[in-house]
Amino acid sequence: MLDSKHMEENMLEVKKRLESRGAEIDFDEFRALDLGRKEIIKKVEELERERNLGSKKMGELMRGGKKDEAADLQEQMRLISEQIRDLGELRARAEEEFRNFMLTIPNIPHDSVPIGRSDTDNLEIRKWGEPKDFDFEPKDHVEIGKDLDILDLDRAAKITGARFALYKGLGARLERALVNFMLDLHTNEHGYTEVLPPFMANTESFIGTGNLPKFEEDLFKIEGTNFYLIPTAEVPVTNIHRDEILKEDELPIKYVAYTPCFRSEAGSYGKDVKGIIRQHQFNKVELVKFSNPNSSYEEHESLTSDAARVLELLGLPYRVVALCTGDMGFSSAKTYDLEVWVPSEKTYREISSCSNFEDFQARRASIRYRPKDGGKVKLVHTLNGSGLAVGRTVIGILENYQEADGSVTIPEVLVPYMGGATSITR
RNA sequence: GGAGAGGUGGCCGAGUGGUCGAAGGCGCUCGCCUGCUAAGCGAGUAAGGGGGUUAUUCUCCUUCGAGGGUUCGAAUCCCUCCCUCUCCGCCA
């Protein structure tokens with residue numbers, strides 16, 4: 001959520017920046033809702049003040065035993081109370097309307113974000129590693145998985161449906177090995193604290209991160225509750241500190257969490273239907289930071305390189321891309337995507353998305369900190385990034401490490417996590 | 001699932017209809033004292049919103065788990081819901 005005061009005072013600027021990401025906001029409506037709300041607040045508060053004064057007087061009269069005077073006053077007060085009740089309802093409605101409006105406005109892109117409309121306008125920042133030259137035609141991960149009997153998509157479809165996976169043998173082991181490898185790396189070497197959150201969260205949490213109210217169709221809802229399956233650990237982990245005031249000394253707080261992620265993938269029919277690129281359920285290790293606003297962009301850089309380090313240690317070629325204004329997520333002020341090389345497609349595919357939300361989520365979720373110098377409490381900045389999406393890392397390994405004989409070599413760092421296995425063979 | 005207790009400021013905790021945004025303690029900030037540390041003494045210390053200045057100050061309103069109700073007036077009484085704890089039952 002944006003700061004409504006800032007919006008009011010910099011309307012043209014904000015409008016321009018939002019348009020750069022393709023968001024058309026009706027500022028006339030904003031103004032009308034905001035002014036209407038303030039006007040009614042003023043009226044109600046004036047009446048409430050009268051009521052408070054009257055009540056105080058009433059207390060004095062009662063204690064002084066002046067019953068007649070008290071009776072007169074009581075009648076007046078009754079009228080005021082009625083008005084407060086009526087206007088109070090209007091006020092509640094006006095404030096809710098205003099808030100609902102504000103909740104649908106996306107974040108303002110940071111200055112450094114390239115302007116553009118779609119992913120074709122994204123900016124490549126850097127590349128790491130050399131895509132391998134195969135002296136045979138590389139297979140895609142579906143074929144590899146089938147041939148090695150480690151990935152069974154047909155049976156997953158039988159069990160549940162399309163866009164689900166069944167891993168088998170060393171395939172299942174590889175998924176688990178990656179989760180453990182990533183968690184160990186981020187906790188031991190990058191200073192993150194491991195958390196294991198609930199895999200469902202309530203409406204408030206989803207509003208906090210910006211997934212609700214606008215994107216309900218992307219989520220799986222649990223019938224008969226106000227719980228949704230999490231589409232990313234970002235939701236439960238960011239909400240760890242919802243409605244809290246942190247100490248400045250505690251910042252930055254850095255969490256890493258493994259969770260499965262559940263996405264309805266509404267609107268992506270026919271897209272990435274093959275293999276395990278796009279699933280209704282997938283595993284992810286997520287990095288989340290709560291940062292001092294002064295240093296959130298440094299934290300963003302380091303978070304991105306923490307995620308990239310996983311790819312480097314696994315020896316997977318990747319590139320870093322700065323998303324353009326038109327391609328960024330709703331809540332983000334700036335996003336880098338990490339993209340891993342996929343030999344069968346001869347292209348890079350997203351494997352991690354690292355974002356700085358500035359105070360957008362913090363304002364929605366009321367996550368603040370008390371400055372050391374004793375000033376007013378301030379909103380923190382929140383950040384997160386995949387470190388990494390596990391299923392897509394499996395794709396990267398299967399395809400980049402495949403051999404002419406159909407086997408797949410296990411990257412050295414993973415061997416201890418694979419029970420000593422150095423390759424997957426038929 | 002059954003029975004009971006409870007949710008109050010950054011934290012703990014008192015408070016059963018008006019004098020309560022709320023005692024006391026802890027923590028924190030500043031000052032004093034002190035060879036260092038600790039202790040001691042004094043003062044200050046909730047958040048959100050509206051108005052006014054916009055630099056500080058000022059002023060008003062709201063908030064005692066959430067939402068309704070009773071009342072001239074609710075932290076306090078009533079109802080519903082959420083959550084926590086204890087005991088019993090069941091269960092991974």
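Below, read A as the first sequence line, B as the second, and so on, with proteins coming before strands; counting in each chain starts at 1.
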Aromatic ring proximity, centroids under 6.0 angstrom, A:His381 and A:Phe290: no
B:A75 - base-pair partner by Watson-Crick or wobble geometry, distances under 3.5 Å: none
Sugar-phosphate only, base, or nothing, as touched by A:Leu73 at under 4.0 Å among non-hydrogen atoms: nothing
Proximal nucleotide (of B:A47, B:C72, B:G73) relative to the A:Gln74 side chain: B:C72
Ring centroid separation A:Phe360 to A:Phe330 under 6.0 Å: yes
Side chain of A:Lys42 - closest among B:G51, B:G48, B:G18: B:G51
Basic-acidic side-chain contact under 4.0 Å: A:Asp359, A:Arg363: yes
Interatomic distance at C1', B:G44 relative to B:G9, whole Å: 15 Å
Any-strand Watson-Crick or G-U partner of B:G6, both distances under 3.5 Å: B:C83
Lys/Arg-Asp/Glu bridge criterion (N-O < 4.0 Å) met for A:Glu19, A:Lys15: yes
Where at least one partner belongs to residues 96-110 of chain A, residue pairs that pass side chain to side chain donor-acceptor pair (under 3.5 Å), sequence neighbours excluded: A:His110-A:Ser112
Opposite nucleotide pairing with B:G1, Watson-Crick or G-U, both atom distances under 3.5 Å: B:C88
Any-strand Watson-Crick or G-U partner of B:A55, both distances under 3.5 Å: none
Out of B:A46, B:G50, B:G18, whichever nucleotide has its closest atom nearest the side chain of A:Arg370: B:A46
Selected nucleotide, minimal atom distance to A:Glu48 side chain, candidates B:C61, B:C72, B:G49: B:C61
Residue-phosphate contact under 4.0 Å: A:Arg91 side-chain N/O, B:C61 OP1/OP2: no
Complement of B:C32, any strand, by Watson-Crick or G-U distances under 3.5 angstrom: B:G40
Phosphate OP1/OP2 of B:G50: any A:Lys5 side-chain N/O under 4.0 Å: yes
Check: B:G49 base within 3.5 Å donor-acceptor of A:Glu45 side chain: yes
Given RNA chain B, 5'-ward residue of the pair A:Leu53 and A:Ser4, judged by closest heavy atom: A:Ser4
Pair assignment for B:A46, Watson-Crick or G-U wobble, requiring both distances under 3.5 Å: B:U63
Between B:C12 and B:A22 - C1' atom distance, rounded Å: 15 Å
N or O in side chain of A:Asn52 less than 4.0 angstrom from B:U62 OP1/OP2: yes
Pairing partner (Watson-Crick or G-U wobble, both distances under 3.5 angstrom) of B:A22: none
No-hydrogen, no-angle side-chain donor-acceptor test under 3.5 Å, A:Tyr192 and A:Asp306: yes
Close residues, residues 196-210 of chain A, relative to RNA chain B [heavy-atom separation under 4.0 Å]: none
Closest to the A:Lys376 side chain, choosing from B:G51, B:G48, B:C61: B:G48
Touch class at under 4.0 angstrom, heavy-atom based, for A:Arg37 against every strand present: sugar-phosphate
Selected nucleotide, minimal atom distance to A:Ser81 side chain, candidates B:U70, B:U62, B:C72: B:C72
A:Arg349 bridged to A:Asp272 by N-O distance under 4.0 Å: yes
Near-ring test A:Tyr228/A:Phe206, centroid separation under 6.0 angstrom: yes
Contact nearer the 5' end of RNA chain B, comparing A:Asp34 with A:Arg49: A:Asp34
Parallel, tilted or perpendicular, as decided by the 30° and 60° cut-offs, for the rings of A:His241 and A:Tyr255: parallel
Short side-chain N/O contact to B:G18 OP1/OP2 from A:Arg51, under 4.0 Å: no
Sugar-phosphate only, base, or nothing, as touched by A:Val44 at under 4.0 Å among non-hydrogen atoms: nothing
